[in-house]
J.: 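Got a structure here, written out as structure tokens. Questions coming.
Note that this is a predicted model, so its numbers are computed, not measured. Heavy atoms only: backbone and side chains are in, while hydrogens, waters and symmetry mates are out.
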Amino acid sequence: MAESDIATEPEVLNIKMSEAFDWSDDKTIVRDAIWNHIMESNEHNTDETEKAMMPFLSDTDDNVRAYCEKNLKK
């Protein structure tokens with residue numbers, strides 16, 4: 001298997017919101033900020049949140065950033 005065949009998660013998931021976005025001063029890691037947002041929107045259902053988080057792990061940095069811009073920017 002070629003190295004390019006191995007899926008890698010977007011790097012943006014592992015940096016602080018304040019480092020990823022100039023509009024944020026939140027020190028929470030992007031992955032956790034998305035998790036918290038999804039938990040709030042589904043009445044704190046951990047199983048559903050875990051399912052909702054799975055696509056982010058194989059998505060692109062640009063798509064994750066777009067999601068954050070749309071859903072987390074206040």
Side-chain angles (χ1 to χ4, degrees):
M1 179 183 332
E3 191 171 314
S4 62
D5 294 334
I6 299 171
T8 58
E9 66 183 30
E11 291 180 23
V12 71
L13 289 175
N14 298 310
I15 59 178
K16 295 176 184 175
M17 288 289 293
S18 60
E19 294 172 3
F21 304 100
D22 59 2
W23 47 262
S24 178
D25 60 358
D26 189 350
K27 302 295 185 210
T28 304
I29 302 297
V30 172
R31 173 191 321 271
D32 294 342
I34 294 171
W35 175 275
N36 294 342
H37 171 76
I38 295 170
M39 284 287 279
E40 289 295 321
S41 67
N42 72 14
E43 300 177 1
H44 297 267
N45 183 322
T46 304
D47 292 333
E48 291 301 316
T49 301
E50 185 175 3
K51 288 177 191 173
M53 284 295 296
M54 292 305 290
F56 289 102
L57 301 179
S58 60
D59 212 341
T60 65
D61 272 345
D62 288 342
N63 287 344
V64 173
R65 287 178 180 279
Y67 177 88
C68 292
E69 291 278 342
K70 180 178 179 183
N71 295 285
L72 303 180
K73 187 175 182 179
K74 297 176 183 176

J.: Consider only side-chain heavy atoms of I, L, V, M, F, W and Y, link residues closer than 4.5 Å, and tell whether Tyr67 and Leu57 are in one cluster.
T.: yes
J.: What pair of heavy atoms forms the shortest contact from Met53 to Trp35, and how long is it?
T.: CG-CE3, 3.4 Å
J.: Rounded at 0.5 Å granularity, tell me how far CE in Met54 sits from NZ in Lys51.
T.: 11.5 Å
J.: Show me the side-chain donor-acceptor pairs of residues 11-20 shorter than 3.5 Å, one per line, residues at least two apart or across chains.
T.:
{"from": "Asn14", "atom 1": "OD1", "to": "Arg31", "atom 2": "NH2", "distance (Å)": "2.6"}
{"from": "Asn14", "atom 1": "ND2", "to": "Glu9", "atom 2": "OE2", "distance (Å)": "3.0"}
{"from": "Ser18", "atom 1": "OG", "to": "Asp26", "atom 2": "O", "distance (Å)": "3.4"}

J.: Are side-chain heavy atoms of Pro55 and Asp59 found at a separation under 4.5 Å?
T.: no
J.: How far does CZ of Phe56 sit from CG of Asn63, to the nearest 0.5 angstrom?
T.: 9.5 Å
J.: Nearest 0.5 Å, please: how far is CG in Asp32 from NE2 in His37?
T.: 14.5 Å
J.: To check you understand the geometry: which heavy-atom pair defines the closest contact between Phe21 and Cys68, and what is its length?
T.: CZ-CB, 3.4 Å
J.: Kindly compute the distance separating CG (Asp61) from OG1 (Thr8), expressed to the nearest 0.5 Å.
T.: 8.5 Å
J.: With a 4.5 Å heavy-atom cut-off, do Met39 and Thr46 have their side chains touching?
T.: yes
